[in-house]
There are 2 protein chains.
Amino acid sequence: MVRTSKGGRPTLEAVAARAGVSRATVSRVVNGGAGVRDEVRERVRRAVTDLGYVPNSAARSLVTRRTGAVAVVIAEPEARVFADPFFGRQLRGISRELSAADIQLLLLLQETRADCDRVGRYLAAGHADGVLMFSLHRDDPLPAMAEASGLPTVYGGRPGWADTGRGPRPLYVDTDNRDGARQAVRHLRERGRRRIAVITGPLDQTSAQDRLDGYRDALAPAAPDPRLIADGGFTAQGGERAMAGLLAAAPDLDGVFVCSDLMASGALRTLRAHGRRVPQDVGVVGYDDLDPAAWTDPPLTTVRQDVEEMGRLMARLLLRRLRADAEAPGDELSSVVTAARLVVRESG
Amino acid sequence: MVRTSKGGRPTLEAVAARAGVSRATVSRVVNGGAGVRDEVRERVRRAVTDLGYVPNSAARSLVTRRTGAVAVVIAEPEARVFADPFFGRQLRGISRELSAADIQLLLLLQETRADCDRVGRYLAAGHADGVLMFSLHRDDPLPAMAEASGLPTVYGGRPGWADTGRGPRPLYVDTDNRDGARQAVRHLRERGRRRIAVITGPLDQTSAQDRLDGYRDALAPAAPDPRLIADGGFTAQGGERAMAGLLAAAPDLDGVFVCSDLMASGALRTLRAHGRRVPQDVGVVGYDDLDPAAWTDPPLTTVRQDVEEMGRLMARLLLRRLRADAEAPGDELSSVVTAARLVVRESG
DNA sequence: ACACGGCATGAGAGCGCTCTCAGATCTTCT
DNA sequence: AGAAGATCTGAGAGCGCTCTCATGCCGTGT
């Protein structure tokens with residue numbers, strides 16, 4: 001690769017000199033090449049490859065005010081982010097969609113409160129054109145920071161304030177958690193289960209709350225026995241513990257709806273350790289239908305949500321929003337809620 | 001938040017005007033504040049907070065030639081990246097170390113060949129100050145691109161050309177895969193296993209090759225029976241299939257060393273499906289000791305490598321390298337190889 | 001009193017790019 | 001042939017920041 005005499009990377013100027021044209025013309029060629037004579041364009045293209053020219057992104061975004069990157073903010077204080085395949089799948093969907101649009105993915109992990117400031121500063125500094133934000137808990141300060149930074153934002157999972165009327169109306173992608181939960185619990189009932197427990201996620205997340213509401217719906221009009229409700233915190237260990245608690249509080253239970261596959265894997269272990277056979281003694285239904293669900297013993301009946309697709313939808317929504325801001329500011333976009341579907345295997 | 005009259009974010013100029021000083025002074029305060037009188041510094045600080053000023057990163061890195069970000073490139077064409085907790089853990093280590101240094105993490109996923117160009121362009125465009133690169137396969141074009149971009153690079157796992165003398169001497173962090181494999185296989189032998197098979201990863205990765213070499217070491221001086229070697233591609237499904245193949249080719253096997261926990265989970269399923277009891281009939285040892293290893297039935301004996309720590313080490317090495325380039329260019333850094341340790345559970 | 005060194009501050013030049021606008025060139029039509 | 005229009009190209013002004021260098025100010029030593 002040929003460099004400029006100054007030893008750094010070649011600049012537009014260098015390419016222009018080599019091609020015998022002005023900077024402006026090179027710029028035009030590099031950015032699409034419209035309105036440049038074929039012969040000149042070819043000359044410039046050759047100069048570009050000869051010199052190994054790559055536009056300097058800082059200089060470009062300084063003037064265009066766009067960075068060609070989107071920040072993905074994951075706010076999980078716990079080790080959960082990487083233990084749960086959920087995030088991975090979603091990231092994958094996002095990554096696919098963004099690379100198709102030649103947009104870069106910036107991953108910002110926020111674990112501590114201090115990280116939160118850092119993330120806020122980062123967003124405000126204009127490193128990204130938009131934000132995808134995940135797995136918010138109630139009272140999370142991040143949405144406010146995103147709002148303050150003025151960046152278009154799409155949420156993964158309905159934010160808590162979405163329907164309260166307070167705050168701006170957020171753009172989000174979610175699955176119909178409540179309906180999925182209803183399907184799961186109805187399925188257990190149809191199989192003859194009478195004492196159906198639930199292991200929930202942290203209830204300050206809407207997805208966890210919605211699934212619990214779905215559980216209630218399916219039992220209505222009867223009110224659920226509070227001894228049949230335990231919080232598993234969306235982790236495998238939490239699932240183990242919650243299951244143990246349930247067995248102690250309600251030894252006669254014959255079904256469990258576990259609000260994530262990861263927790264369900266823990267619950268299955270506890271059941272096995274207590275000598276309960278699945279599905280003969282206790283029916284178990286999970287939620288997510290991530291790969292490991294099919295690998296448990298017995299294979300897990302669960303509620304499928306296409307997580308990768310949700311990631312893709314989030315990215316797509318944000319990209320549309322970015323384009324809309326540039327071209328048709330009035331355009332109203334709306335949130336997406338995808339359907340959930342029961343997948344029956346052997347656990348319940 | 002107060003904005004400038006032009007509607008955009010406030011600039012240095014605006015802060016300077018409000019504080020009644022020059023741009024240069026504001027810049028000094030923002031970047032540490034050395035050599036500015038206390039009283040002036042306070043005035044500037046107040047102006048900064050009043051206006052909600054945040055430095056524009058593009059402008060800054062245009063002149064400093066640094067971005068305050070490090071790119072993490074994961075080159076996995078398969079769905080493996082997110083199915084295997086391995087990457088997640090490593091990312092987590094990296095993320096921790098980088099945020100402590102207030103450096104941003106840019107995640108670049110490369111799945112297709114086209115992505116490779118995109119990643120190369122991205123790096124060359126100067127979006128990052130350095131690169132962390134993972135899970136390379138032989139003949140991967142990425143290292144060459146990283147090299148060409150002139151960015152300091154640290155590899156996760158010893159790159160294939162590290163000891164060949166060809167190419168530049170790479171900086172990497174790895175575990176002692178060969179020794180870990182030796183420990184695993186020796187353990188199986190000590191437990192009386194005589195026909196020990198191996199399920200390898202893709203052999204164009206050094207980690208997979210090293211583990212296979214360790215397997216050979218432990219059987220030496222006897223040469224391994226080729227019917228006892230199968231490639232599981234580092235995926236759970238691959239592990240299932242490889243195990244089935246081994247059982248068909250060598251029904252008398254009584255031990256398996258599986259080169260990743262994820263593959264081992266697959267192998268256990270296949271063994272169960274074939275009615276082989278673990279560990280009574282067949283002893284199984286995995287590799288990685290990621291969370292799910294303890295959850296299999298029976299819990300997996302495996303080789304522990306502290307993946308998160310490896311991530312941290314990678315980040316630390318890169319950061320040192322970046323500082324070295326800035327301050328003491330002659331400074332020689334060296335790669336790190338961490339120890340592996342057998343963790344005995346119940347599977348073998 | 002003056003010269004001198006040290007410190008705090010400001011003026012101004014650029015970093016590499018995009019984009020507007022005006023000028024140059026080439027068509028095409030009357 | 002000349003003018004109107006369309007097409008192509010270049011000059012130049014910034015984008016927001018950092019950093020060098022010159023300048024002004026102070027205290028100290030002679």
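Proteins come first, then strands; the chains are lettered A, B, ... in the order of their sequence lines, and each starts at number 1.
Note: CZ (A/Arg41) to P (D/dT7) measures 14 Å, nearest angstrom. A straight line from CZ of B/Arg66 to C1' of C/dC15 spans 14 Å, rounded to a whole angstrom. Straight-line distance from the CZ atom of A/Arg60 to the C1' atom of D/dC17: 20 Å, rounded to whole Å. Between the CG atom of B/Leu12 and the C1' atom of D/dT18 there is a distance of 9 Å, rounded to whole Å. Counting to the nearest Å, the P atom of D/dC17 and the NE2 atom of A/His127 are 12 Å from each other. In this structure, the CZ atom of B/Arg43 is 15 Å from the P atom of C/dA8, given to the nearest Å. Rounded to whole Å, the distance from CG on B/Leu62 to P on D/dC15 is 14 Å. Atoms CG (A/Asp38) and P (C/dC26) sit 16 Å apart, rounded to a whole Å.
Evaluation of atom-type donor-acceptor distances gives a pair under 3.5 Å for the side chain of A/Arg28 against the base of D/dG10. Counting distance only, with no hydrogens placed and no angle test, the side-chain atoms of A/Arg37 and the base atoms of D/dT7 include no donor-acceptor pair under 3.5 Å.
Between B/Thr25 and A/Ser57, the residue anchored nearer the 5' end of DNA chain C, judged by the nucleotide with its closest heavy atom, is B/Thr25.
Side chain of A/Thr11, nearest nucleotide from C/dC15, C/dT18, C/dG16: C/dG16. Listed nucleotides C/dC17, C/dG10, D/dC17 differ in distance to B/Ser22; the shortest reach to its side chain belongs to C/dG10. With D/dT18, C/dC17, D/dC19 as the candidates, the nucleotide lying closest to the side chain of A/Arg23 is C/dC17. Side chain of A/Asn56, nearest nucleotide from D/dT18, D/dA11, C/dC17: C/dC17.
Residues satisfying the side chain to side chain donor-acceptor pair (under 3.5 Å) test with A/Glu97, not counting sequence neighbours, are A/Arg316. The side chain to side chain donor-acceptor pair (under 3.5 Å) check on B/Thr67 picks up B/Asp129, with sequence neighbours excluded. With sequence neighbours excluded, the residues forming a side chain to side chain donor-acceptor pair (under 3.5 Å) with B/Glu309 are B/Arg312, listed by chain and number. When the side chain to side chain contact (heavy atoms under 4.5 Å, CB included) test is applied to B/Arg158, the partners found at least two apart in sequence or on another chain are B/Ala162, B/Asp163, B/Tyr172, B/Asp174, B/Thr206, B/Asp210.
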(message) As a check on the pairing definition, encode DNA chain C in dot-bracket form, counting Watson-Crick and G-U wobble pairs whose two distances are under 3.5 Å, and using | for partners outside this strand.
(response) ||||||||||||||||||||||||||||||
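A sub-4.0 Å separation between OP1 or OP2 of C/dG16 and a side-chain N or O of A/Arg9 is absent. Of the side-chain N and O atoms in A/Arg65, one or more sit less than 4.0 angstrom from OP1 or OP2 of D/dG16.
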N/O donor to acceptor pairs below 3.5 angstrom from side-chain atoms of residues 52-62 of chain A, sequence neighbours left out:
{"residue": "A/Asn56", "atom": "OD1", "partner": "A/Ala58", "partner atom": "N", "Å": "2.8"}
{"residue": "A/Asn56", "atom": "OD1", "partner": "A/Ala59", "partner atom": "N", "Å": "2.9"}
{"residue": "A/Ser57", "atom": "OG", "partner": "B/Ala125", "partner atom": "O", "Å": "3.1"}
{"residue": "A/Ser57", "atom": "OG", "partner": "B/His127", "partner atom": "NE2", "Å": "3.4"}
{"residue": "A/Arg60", "atom": "NH2", "partner": "A/Asn31", "partner atom": "OD1", "Å": "3.2"}
{"residue": "A/Ser61", "atom": "OG", "partner": "A/Ser57", "partner atom": "O", "Å": "3.2"}

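The pair B/Arg121-A/Asp102 counts as a salt bridge, with a side-chain nitrogen and a carboxylate oxygen less than 4.0 angstrom apart.
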